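Structure, as structure tokens:
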Amino acid sequence: MSANSAGERFATTGNGRALARSAVPELPAPELFDAVAAAIGGGLRVASFFGLAEPGSDDVGLFAVLADDRRARLHLGRTRVRGSGFDALTPVCPQVHLFEREIGEQFGLEARGHPWFKPVRFQRSLRPGHEVFGGPGGAGPEVGVTDFYRVEGDEVHEVAVGPVHAGVIEPGHFRFQCHGENVFHLEISLGYQHRGVERAMLGGPHKRSIHYAETLAGDTTVGHATAYCQVVEALAKCQKTPRAQALRGIAMELERLANHVGDLGALANDVAYLPTASYCGRLRGDFLNLTATLCGSRFGRGMIRPGGVGFDVDAAMGSDLLARLDAAERDTANAVELLWDAPSVMARFEDTGPVPKEMAEALGLVGPAARASGLPRDVRHDHPSGIFRFSHVPVSTWNTGDVFARAYVRWLEVQRSIDFVREQLRSLPPGEVRSPVGALAPDHVAVALAEGWRGELCHVALTDAAGRFERYKVVDPSFHNWTGLAMALRGQQISDFPLCNKSFNLSYCGHDL
Amino acid sequence: MIDVIRARLQQGHRTMAWPDGPPPPLAERFRGRPLIDASKCRSGCSDCAEACPTGAIDLQGGVRVDLGRCLFCTDCAAACPEGALSYGGDYRLAVRERAQLVAPSERELELAAALQGRLRKLFGRSLKLRQVSAGGCNACELDVNVLNTVGWDLSRFGIQFVASPRHADGLLVTGALSKNMLLALRKTWDAVPEPKIVIAVGACAISGGPYVDHPEVANGVEGTLPIDLYVPGCPPHPLTILDGLLRLVGQLEGRRGAEGVSAP
């Protein structure tokens with residue numbers, strides 16, 4: 001697709017920018033869907049696709065955000081749906097499959113022709129009185145009650161797991177269609193963590209908004225809070241100081257470090273390689289404690305605030321952080337590099353749960369899972385904002401798409417994030433850390449992308465005439481990637497599920513909202 | 001193999017001395033129990049209560065912070081024109097009664113007392129818990145899980161997380177109790193043999209946390225299951241959780257860890 005045709009059907013903007021809602025052309029649904037399909041065919045991605053109630057009518061607006069990673073552009077398109085549904089785009093564009101199910105569930109619309117149209121979170125509709133998956137009498141859908149895939153045959157059996165799992169982890173339901181040990185298909189049914197955050201964001205910003213952002217996925221507190229603040233700052237035309245931007249970058253990379261190091265330990269644990277499992281379990285805590293030094297919270301609560309950051313770093317704290325970072329780097333390298341030399345580990349990691357590049361691209365995977373399949377996509381590089389415009393983090397990729405690749409990409413990213421944090425701490429620009437944030441522009445839309453440790457976080461806010469959130473849409477990377485896990489399991493042994501699952505380590509709460 | 005042994009030597013012994021030795025150092029900016037100097041309050045001022053995202057501050061008869069609702073976020077302290085509110089370094093926050101969490105700041109928190117009688121005899125030296133995550137953000141779960149790492153080594157106290165509720169002595173619940181988890185939580189509870197206990201970890205499980213009064217949640221576990229131990233925080237620090245667990249099973253009695261040490 002040429003840039004010109006995108007210009008006719010979409011409004012073009014960039015990461016962390018706001019524009020008037022009226023600048024986004026409204027197309028008839030078939031035309032928008034054709035344009036989206038053409039754009040995807042031309043190498044763009046769907047970053048977000050969602051519904052919103054159109055005030056003063058019974059219509060539902062549909063809003064699409066396409067990411068052009070090569071040109072650092074975002075294209076926004078919209079349409080309006082009247083009646084009970086729309087013709088699904090999924091058959092020609094699989095990466096919108098969950099978005100269309102979500103639109104159906106949230107606004108009581110049927111995505112006609114969708115090959116697997118069923119609930120996403122088993123939530124009530126955001127448009128009262130319009131339930132597409134509900135029970136009789138306007139009731140909402142009952143969690144876990146839906147049509148699951150079923151493979152028939154004498155020697156085929158079904159294994160159902162969850163929502164309550166054996167470990168200390170979040171709830172979700174998994175159904176495997178198995179032939180002996182081999183998995184034909186895995187279906188993942190979520191929604192157990194649904195707590196109504198998108199609905200509660202409406203009418204904001206209010207005093208809970210930043211706390212909702214910080215708890216969309218607790219392990220991505222800094223990432224989601226950053227995306228939220230970018231949206232607010234874009235709508236309020238707030239300029240952050242260079243110092244605030246550098247401190248946000250430090251917090252973001254510390255969050256990535258803690259989670260990646262923890263994941264490498266957990267992967268080692270799942271193949272019973274206890275040295276790395278034990279050391280990385282401890283080292284994850286060391287990185288979390290660096291974040292706690294910054295802001296008092298191991299998860300970064302209170303660090304990212306609209307207009308900048310909540311806490312500054314003085315010279316003494318800076319050198320303390322640098323010294324501890326050096327020590328953690330030494331021990332992490334020592335612990336992680338054991339993995340690549342252990343035949344028992346490599347035998348389990350290599351060729352397990354492969355996701356080919358073409359499939360990763362078709363499904364719209366993001367983050368380390370996409371990069372492990374050879375897709376060089378990283379918001380810090382493709383759509384840089386804040387400090388990442390000035391200080392570049394190389395994109396880490398691998399090409400085998402298996403558990404090994406997802407582990408190894410994390411290790412590459414750990415090393416690069418440590419370099420980044422060190423560089424930032426050594427050269428913090430002077431200045432204030434927080435700028436005042438005024439009222440939000442009315443009738444505007446803003447999109448923010450941030451590269452959280454799991455991948456792309458996408459927040460979109462549309463304001464009403466009073467400058468309040470009329471719609472707030474969150475896409476956690478898990479929303480894109482859960483299907484990647486399901487596909488990774490095809491043809492694998494069911495006993496490799498824990499390992500494959502850990503290699504993605506997706507968020508339930510970030511998906512369920 | 002030689003590399004594995006070398007690595008073992010480099011990584012060293014990491015299990016903390018606490019509770020017989022000092023606790024692990026807490027960050028200077030760590031936010032423990034909120035402290036209120038009500039003498040600084042201007043009459044008629046309600047800035048702190050209005051700033052609180054979860055309605056945790058009650059101004060009737062002095063300023064009282066409900067630790068069961070508190071996110072330890074400092075919005076109140078930032079709003080206070082007189083600097084009357086601050087967060088101390090005391091990580092010890094676990095109690096046995098919900099009402100204790102609304103104690104006025106001038107009174108010491110009545111920290112969790114140990115189980116008594118048969119429960120103490122059964123669980124004092126061996127407590128097996130089934131964890132249920134029910135509508136939160138996964139931060140509490142992560143910092144519960146941290147107790148299994150070598151630094152904390154939870155199993156040295158005879159406390160362990162088990163895979164089946166049928167093997168458990170109780171539940172440790174996190175999350176605001178989403179309506180979508182209500183049935184699963186009840187079924188898990190029913191599967192735990194008597195006698196059994198419930199531990200609510202985090203603001204969500206105690207009160208609903210940031211999601212309090214959302215129609216999608218049940219405002220925590222209260223009213224659904226009988227809670228034996230409340231561990232406040234958003235999320236609570238692992239030390240706060242472990243302190244609560246050890247108090248409950250009576251393993252802090254007479255040890256240095258019972259006294260607690262504040263952050264610097």
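So that the names make sense, note that chain A is the first sequence line, chain B the second, and so on, each numbered from 1. What you see is a predicted model; the values in this text were computed from it and never measured.
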> Is the distance between the ring centroids of B:Phe157 and B:Trp152 less than 6.0 Å?
Replying inline: no

> Could you give the distance from OH (A:Tyr192) to NE2 (A:His173), rounded to the nearest 0.5 Å?
Replying inline: 6.0 Å

>> Taking side chain as everything from C-beta outward and backbone as N, CA, C, O, which of these in B:Arg14 sits under 4.5 Å from a heavy atom of chain A? Side chain, backbone, both or neither.
In response: side chain

> Using non-hydrogen atoms only, which part of B:Phe161 is less than 4.5 Å away from chain A: side chain, backbone, both, or neither?
Replying inline: side chain

>> For chain A, which candidate among B:Asn138, B:Thr149, B:Val144, B:Leu177 shows the most heavy-atom pairs at distances under 4.5 Å?
In response: B:Asn138

> Taking the six-membered ring for Trp, is the centroid-to-centroid distance between A:His224 and A:Tyr212 below 6.0 Å?
Replying inline: no

> Side chain, backbone, both or neither: which part of A:Arg208 has an atom under 4.5 Å from a heavy atom of chain B?
Replying inline: both

>> Please classify the contact between B:Ala78 and chain A as side chain, backbone, both or neither, with a heavy-atom cut-off of under 4.5 Å.
In response: neither

> Under a 4.5 Å heavy-atom cut-off, does chain A meet the side chain of B:Arg130, its backbone, both or neither?
Replying inline: side chain

> Is the closest side-chain donor-acceptor distance between A:Asp219 and A:Asn259 under 3.5 Å?
Replying inline: no

>> Just so I understand: if I count every heavy-atom pair under 4.5 Å between each of A:Gly302, A:Gly191, A:Pro275, A:Gly140 and chain B, which residue has the most?
In response: A:Gly191

>> Between B:Ala163, B:Cys204, B:Pro53, B:Cys140, who has the most heavy-atom pairs with chain A when the cutoff is under 4.5 Å?
In response: B:Pro53

>> At a heavy-atom distance under 4.5 Å, which candidate from B:Arg6, B:His237, B:Glu50 has the highest pair count against chain A?
In response: B:Glu50

>> If I measure from the heavy atoms of chain A, does B:Ser133 come under 4.5 Å with its side chain, its backbone, both, or neither?
In response: both

> Does the separation of the ring centres of A:Phe122 and A:His194 fall below 6.0 angstrom?
Replying inline: no

> Should we say atom CD of A:Glu142 is surrounded by more than 12 heavy atoms from elsewhere, each under 6.0 Å from it?
Replying inline: no

> Who among B:Val146, B:Asp143, B:Val4 has the most heavy-atom pairs with chain A under 4.5 Å?
Replying inline: B:Asp143

>> Please find the pair of heavy atoms, one from A:Gln123 and one from A:Glu131, that lie closest to each other, and give the distance.
In response: O-OE1, 4.2 Å

